[in-house]
Every structure is written in structure tokens, then in C-alpha cells.
Amino acid sequence: MSGVGSPQALAAAMGADEIRGLIDAADVPSLLAALAHATGDRSLAPGDLWLDPDLALQPDGGWDTGQVQRARDLAADGLRRLAASQSAINGPDDDLVLPLIDWLTGADLDDGYRQMLTEELAVTRDLRTPEPIRGDAWPPQGSVDYPVAVIGAGMSGILTAHRLKQAGIDCIVLEKNGDVGGTWLENTYPGCRVDVFNHVYSYASEQRPDWPEYHSSQPVLLDYFRDCARRWGIGDRIRFDVTVESMTWHDDARHWVIRIDTPDGRDEITAAAAVSAVGQLNRPLVPDIAGIDTFAGTQFHSSAWRHDIAWDGLRVAVIGTGASALQFIPHLAEAAAHVTVFQRTPPWLVPRPVYHEPLAPGLLKLFEIVPGYAHWFRLRLFWCTHEGTVGALRRDPAWDGPLDEAVSPRNDEARRLLTLYLESQFGDRPELLAKVVPDYPVGAKRVVLDNGIWASTLKRPNVELVSDGIERIEPSGVRGTDGRLHRADVIVFGTGFRASEFLTPMRVAGRGGADLHDTWNGDARAYNGVCVAGFPNLFCVYGPNTNIVVNGSIIYFAECAAHYVVECLRLLAARGAAAMDCKPDAYDRYCERMDEHNAQMAWGISGVNSWYKSPSGRIAQNWPLPLIDYWRQTRRPEESDFEML
Ligand code: NAP
């Protein structure tokens with residue numbers, strides 16, 4: 001899974017036609033960077049082919065025709081020379097890698113940014129490997145069952161366990177399911193796939209050069225996370241089928257007492273620190289629709305898919321048109337006799353032609369044979385999507401248009417382009433078009449990727465899109481507010497998750513017995529997205545205000561947070577302290593900063609409902625700043641913001 005190719009295989013593959021074919025399939029800018037790196041010849045990434053940082057991801061780098069030809073010639077030359085030299089890259093040579101990162105991004109990067117991107121490149125070794133925490137000052141010897149208890153073995157939990165292990169800190173991972181994978185284990189609905197490029201939605205240090213598709217399906221993702229856990233050797237640290245009921249901080253002993261429900265009954269363990277890695281999107285939201293219990297047929301939530309149902313001949317009602325529903329409805333429409341789709345708010349669709357596409361064989365071949373190419377390819381994807389279109393979601397004070405439509409000229413332009421896309425998809429069906437064009441700013445809710453499948457599904461004769469409200473559920477179906485009864489044998493709730501209810505249903509008691517959920521009062525907050533004042537040695541990964549919306553990958557955030565957790569423990573060891581608690585003023589300052597920035601974003605300005613908001617309307621989920629800011633603020637704990645205990 002290293003992604004480092006083999007020049008020997010390359011040598012065997014070379015022939016003029018073959019080289020041309022490979023370059024046709026390549027992302028040429030990242031191929032040139034890989035070849036320059038592998039051969040040590042920087043002239044393969046020359047200054048006159050500098051990339052424009054403002055240009056979105058394009059295989060030809062946005063170059064003019066002459067530059068494209070020159071780039072292709074250089075790539076062919078590089079491939080031949082690499083084959084002849086039989087060389088292999090030795091390691092992350094800063095003198096070579098940093099100028100190549102500058103070249104590939106085309107940006108004027110500072111040292112921090114370069115370091116972050118070098119970590120993301122992770123070519124030949126994992127630069128995020130923490131130094132071991134030295135000494136035996138922490139945790140206090142013999143006083144606890146485990147130094148750290150990690151709750152959850154999904155994407156962020158297994159990563160945290162891995163980083164702790166690398167740092168020499170033992171941990172136990174408590175997982176409610178019978179396997180790792182979290183959301184990728186639980187969501188098995190047909191069509192489930194990652195809607196971020198999976199090269200980027202993967203750990204930088206654990207790249208798969210052979211992802212079968214740009215947006216791989218759930219079984220592929222689940223295999224990936226299983227494989228990572230296996231190769232990291234953390235399997236023996238995970239206790240499966242264990243649900244955490246409560247966690248109580250003991251002020252005198254300065255440790256957590258964790259009550260768990262296990263297959264053998266209830267138990268209690270102690271841990272010096274606790275890491276919540278429970279995710280944001282795993283407690284299904286089944287809406288409280290009148291009459292829901294009277295339904296005579298089968299009903300279930302998308303995250304608990306009923307694979308035992310034979311759909312042939314059935315009438316199905318689907319409630320919800322979010323990211324999950326738009327993935328499974330096309331499959332239901334193929335299988336069932338009739339599907340009624342109840343839409344409350346239409347999503348903005350973002351065209352992604354490769355949404356269901358496999359990677360070209362030539363590209364996969366290049367990953368196999370060019371040392372480091374998969375890494376440089378991933379870095380370019382990361383760079384071109386890491387801020388993505390988030391700038392277009394930020395309010396421009398000079399914008400004087402209606403804020404319920406757009407928050408800036410760029411946001412308005414995005415609205416225009418995405419409206420054009422909807423018109424191109426639904427123009428032949430004006431009655432559908434009228435229903436699917438959103439009336440809120442782009443980015444106020446999660447956008448959904450599309451490759452034309454949504455329009456072709458809604459246009460099917462056996463599919464009806466209902467955009468009037470739901471009056472109630474009755475034994476034989478769903479009655480709309482217009483009085484019509486939509487008969488159904490099955491109701492599928494694609495109604496999302498209780499995202500704002502962080503760390504529920506666990507009961508968490510901190511210093512002096514303070515209850516976490518009372519403290520939050522429905523508005524989850526965390527300093528750096530990780531620490532909560534009054535709850536010493538409790539760390540969240542993918543915690544409040546760390547969700548990203550149209551840019552980057554949540555795995556990047558998990559890496560930053562896991563690094564921060566390790567650095568907090570390192571600080572405890574260095575100070576000989578048992579615990580650390582975020583000071584209330586630092587906590588409040590930080591949360592105010594999040595609120596101020598979120599108030600400038602489309603999702604904070606618009607009144608449209610979304611899972612980004614807590615019941616009070618406050619944005620408790622989203623990260624409103626550039627990705628690099630999170631990297632910078634999670635490098636190491638600011639000691640003055642903590643009380644050592
Ligand atoms: P969601 O985006 O929250 O969508 C829920 C849908 O149910 C919305 O259309 C919502 O309407 C509707 N709904 C909720 N309550 C309703 C009610 N009482 N009556 C009528 N409609 C109701 O949930 P999701 O689709 O499961 O996606 C959640 C998030 O998971 C996504 O935003 C994404 O971040 C992630 N996700 C990722 C992937 C991927 O990467 N492959 C796939 C799926 C999901 P309103 O819009 O009016 O509230």
C-alpha cells in the first residue's frame with residue numbers, strides 16, 4: 001500500500017506507443033513532479049511550466065498548447081531516463097521535495113504550509129510518526145487500567161490508537177460494533193460511496209495506488225480501514241461489542257472511570273485520559289412524523305439497510321433528499337415497482353463526471369511503475385481541493401445582493417453555474433426543474449455530487465418527486481399536505497443523523513461532577529475542536545467545529561487532532577502532571593472565534609435548516625477557516641491555555 005512504484009516494472013513497460021498511452025492517461029503536472037523526484041532532475045519540472053494556483057484541477061495544468069506538448073515531451077523523456085537508470089527514490093530529500101511542492105502548487109508557501117504538504121505527500125515514509133513520549137512520568141504508574149481509552153474504532157479512532165502506539169502510549173479502544181470502520185461499517189445501503197476523492201479521503205501515510213474508482217464504494221472503503229488497523233497492529237487493543245454508558249472524572253484520583261456494557265455484562269475500567277472518536281454522523285435521525293407507528297409495512301433508516309427485502313413489485317416511499325438518499329434512490333428505482341421521493345429542501349448538485357468512474361488503466365499502471373507517482377498525484381488532488389470552493393462560501397462585505405440567495409459575488413456566480421447545470425439536466429421537464437432548484441445560497445447545506453444520475457432517476461416513469469410537505473404516515477402509506485395518499489409497502493428514511501448531539505448517549509461527568517450535556521446545553525463546543533473546559537484529559541477527535549463542507553477531507557482533521565492529543569500527553573509527561581484542563585477563558589475565546597467566522601459563512605448566514613446547526617441555530621459542526629489554520633493550531637498545546645492538575 002506504499003504507493004511507491006517499481007522502475008524495473010517500468011523498464012519492462014517502455015515502448016514509444018506505450019509511453020504515449022501512459023501519458024494520455026496521466027495527470028501530467030504530478031507525473032513531472034514524481035519523475036523529477038525519482039530521477040533527482042529538477043529540470044523535469046521547469047519554471048516555464050509553472051502552475052497557476054487559481055486553476056482548478058486540470059490534467060494539463062491549465063497550460064497553453066505549446067506548454068502541454070513540452071510537458072508531455074518532458075514526461076516521456078523522464079520515463080525513459082527513469083527506466084534506463086533503474087533508480088528508486090531514497091527518501092524525503094527537502095532540497096528536492098520542497099521546490100517540487102512549490103512548483104506543483106504554484107503558490108508562495110510559507111514554511112508551515114510546506115511542512116503540512118510534505119506530511120500529506122508522505123513519500124517513502126510517514127512524516128507524522130510521533131517521537132516516543134519519553135520517561136515514565138505519565139501516566140502515573142499503576143494507578144489506572146489503561147493510560148488512554150479511545151472510544152470508537154472508526155476512521156479517527158483507529159488512527160488515534162495508531163498514533164498513540166507510535167508514541168509509546170498504550171491504549172484500549174472501546175467499539176460498540178463488532179468490527180472497525182465506523183460509518184463505513186454501518187452504512188451499507190446500495191450506492192454508498194465516498195463523495196470526496198478517495199485518494200484524499202485516505203491516510204496520507206497509507207496510500208492505495210490501486211483505488212478502483214475515484215469515489216470508491218463502501219465495501220472498498222471498509223476493506224481499506226480494516227487493512228490499516230491490521231497493518232498498524234492495533235487489533236489486540238480493540239474491544240468490540242462494548243458500549244460506553246458513562247464516563248466520570250474523579251477529581252482526587254485524577255482519572256476517568258468508564259462504565260461499559262459488554263457481551264459479558266456491565267463493567268468498569270479506569271483510564272488516565274479518554275479520547276472520544278465517536279464521529280458526528282452515526283446516530284440516525286428518524287423524524288417524529290405523526291402516525292409513524294401506525295405504518296403497516298416495513299420502515300427503516302438508510303444506515304440500517306434491510307438487505308433481506310426483495311424489492312421487485314414493491315412500492316417504496318423515501319423521505320429525504322440528502323447525500324445518502326441521492327446515492328440509494330437510483331438503486332431503489334431500478335429494483336422497485338414504484339418510488340415516491342419526499343423532498344423537503346432540494347440539495348445543490350455539483351457536477352462530478354467521474355463520480356462513478358474507474359481510474360484509467362494507464363493511470364493505475366503509472367502508479368505501479370513510477371516511484372512516488374501515486375503520492376504526487378494525491379498531493380495535487382489534495383492541493384486543488386483543499387480549499388476547494390470554500391472561498392465562494394464566505395461573505396463578501398461588499399456584496400449588496402439578497403443574503404438569502406448568495407453571500408458574495410463568487411457565491412452568486414456558483415449559484416448561477418449550478419442553476420445552469422440543473423437546467424441542463426432538467427430543462428426538458430419544467431415541472432421537475434421547478435422543484436429541484438434550491439432557494440438558499442450554495443454551501444448553506446451540504447452540496448451533493450452528481451454525474452447525471454439524479455435527473456435520469458427522477459425522470460423514470462416509476463419515480464415521483466413530491467415536494468409538498470408530509471401530513472402524516474398512515475397504515476398504507478404517506479399522506480401529503482395536499483391530502484394525497486402515497487401508497488407504500490416500505491418507507492426508507494434518508495433523513496440523516498443527530499449530528500449536533502455530540503457524545504450522546506454517553507453520560508459524561510467532569511470536574512465536580514458537572515454533566516457535559518448540561519454544560520453544552522445543546523450547543524457542543526470544544527477548544528481546538530478537542531478539549532472542553534472542566535473535563536480534564538478528555539479529548540475529542542472529529543469534535544465540535546471540525547467538520548469541513550466543500551473542501552479537503554475529514555481524515556486530514558483527524559490527523560491534526562490525533563497529533564494534538566499526542567502532544568498534550570507529551571506536555572503532561574514533560575511537566576509531570578497527571579491531567580490538563582482547558583481554562584474557561586481560553587475555551588470561551590476560542591468558541592467565540594469559531595462563531596464569528598461561522599457567522600461569515602453561507603451556512604451561518606442562511607436560515608435554511610441543516611445538520612450543521614444545533615437546535616439553537618448555532619453552527620456547532622463546521623470549521624470556517626482555511627485547512628492550514630487547523631494544522632497550525634494543533635501543532636502543540638499552548639500551555640498557558642491549560643491548568644495542569
Ligand atoms: P442529510 O444530509 O441530513 O439529509 C437528510 C434529508 O432528510 C434531508 O433532505 C432532510 O430535509 C430530510 N429530512 C429530515 N427530516 C425530515 C422530515 N421530518 N421531513 C422531511 N424530510 C426530512 O443526511 P444524509 O443524506 O444521511 O447525509 C448526512 C451527511 O453524511 C452528508 O451531508 C455527508 O456529509 C455525509 N454523507 C457522506 C456520504 C459520502 O461521502 N459518501 C454519503 C452520504 C452521506 P432538509 O434538507 O429539509 O432538512
Side-chain angles (χ1 to χ4, degrees), residues 154-155 182-184 186-198 200-202 213-222 279-292 301-305 317-329 340-350 352 355-356 435-436 438-440 443-450 454 465-473 478-481 486 491-501 542 546-555 557 603 606-613 621-623:
M155 174 277 286
T183 195
W184 297 105
E186 292 170 7
N187 285 274
T188 61
Y189 59 77
C192 182
R193 62 175 67 230
V194 59
D195 62 5
V196 173
F197 285 114
N198 45 216
V200 180
Y201 188 86
S202 53
E213 296 174 286
Y214 286 95
H215 297 274
S216 293
S217 60
Q218 172 264 335
V220 175
L221 268 293
L222 178 57
Q280 290 190 11
L281 296 165
N282 62 4
R283 287 165 309 285
L285 169 70
V286 176
D288 191 15
I289 297 175
I292 190 167
H301 186 270
S302 61
S303 65
W305 198 263
V318 177
I319 300 179
T321 51
S324 301
L326 265 68
Q327 290 187 332
F328 67 72
I329 288 171
T340 310
V341 179
F342 289 90
Q343 169 190 275
R344 191 165 63 180
T345 319
W348 282 107
L349 298 186
V350 170
R352 176 67 56 84
Y355 192 24
H356 295 169
K435 292 178 181 175
V436 297
D439 63 357
Y440 55 86
K445 288 169 78 73
R446 180 68 141 66
V447 297
V448 177
L449 297 189
D450 183 57
W454 189 228
L465 179 66
V466 176
S467 58
D468 298 321
I470 296 171
E471 179 66 33
R472 62 180 177 273
I473 294 175
V478 181
R479 190 167 300 273
T481 47
H486 301 269
I491 299 176
V492 184
F493 292 96
T495 40
F497 299 87
R498 300 181 178 280
S500 65
E501 298 175 16
Y542 196 16
T546 62
N547 181 64
I548 35 99
V549 174
V550 288
N551 56 322
S553 154
I554 201 61
I555 292 187
F557 273 77
W603 53 76
S606 168
V608 73
N609 56 315
S610 77
W611 63 262
Y612 302 154
K613 294 174 184 168
Q621 276 75 5
N622 289 353
W623 172 251

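Because the structure is a prediction, the values reported are computed rather than measured. Start at 1 and go down the list; that is how both ligands and their atoms are numbered.
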Using a 4.0 Å heavy-atom threshold (strictly under), name the region of H215 that reaches ligand 1: side chain, backbone, both or neither. neither
For F493, what residues pass the ring pair (Phe, Tyr, Trp, His ring centres under 6.0 Å) criterion, not counting sequence neighbours? none
What is the closest protein heavy atom to atom 18 (N) of ligand 1, and at what distance does it sit? P287 CB, 3.2 Å
V466 vs V341 side-chain heavy atoms within contact, under 4.5 Å: no
Nearest non-hydrogen protein atom to atom 4 (O) of ligand 1, with distance, is G322 CA, 3.6 Å
Among protein heavy atoms, which lies nearest atom 12 (C) of ligand 1, and at what distance? G320 CA, 3.6 Å
Closest non-hydrogen protein atom to atom 46 (O) of ligand 1, residue and atom name please, with distance? K445 NZ, 2.6 Å
When you look for heavy atoms under 4.0 Å from ligand 1, do you find them on the side chain of Q327, its backbone, both, or neither? side chain
Tell me, please: is W611 in heavy-atom contact with ligand 1, that is, under 4.0 Å? yes
Can you check whether Y214 and H356 have ring centres sitting under 6.0 Å from each other? no
What protein heavy atom lies closest to atom 35 (C) of ligand 1? Include the residue and the distance to one decimal. L281 CD1, 3.8 Å
Does any part of the side chain of W348, heavy atoms only, come nearer than 4.5 Å to the side chain of R446, both counted from C-beta? no
Ligand 1 contact by Y189, heavy-atom criterion under 4.0 angstrom: yes
Looking only at protein heavy atoms, identify the closest one to atom 40 (O) of ligand 1 and say how far it is in Å. D195 OD1, 2.7 Å
Is the distance between the ring centroids of H301 and F497 less than 6.0 Å? yes
Does even one non-hydrogen atom of Q343 get within less than 4.0 Å of ligand 1? no
Starting from atom 15 (N) of ligand 1, locate the nearest protein heavy atom and write down its residue, its atom name and how far away it is, to 0.1 Å. R344 NH2, 3.5 Å
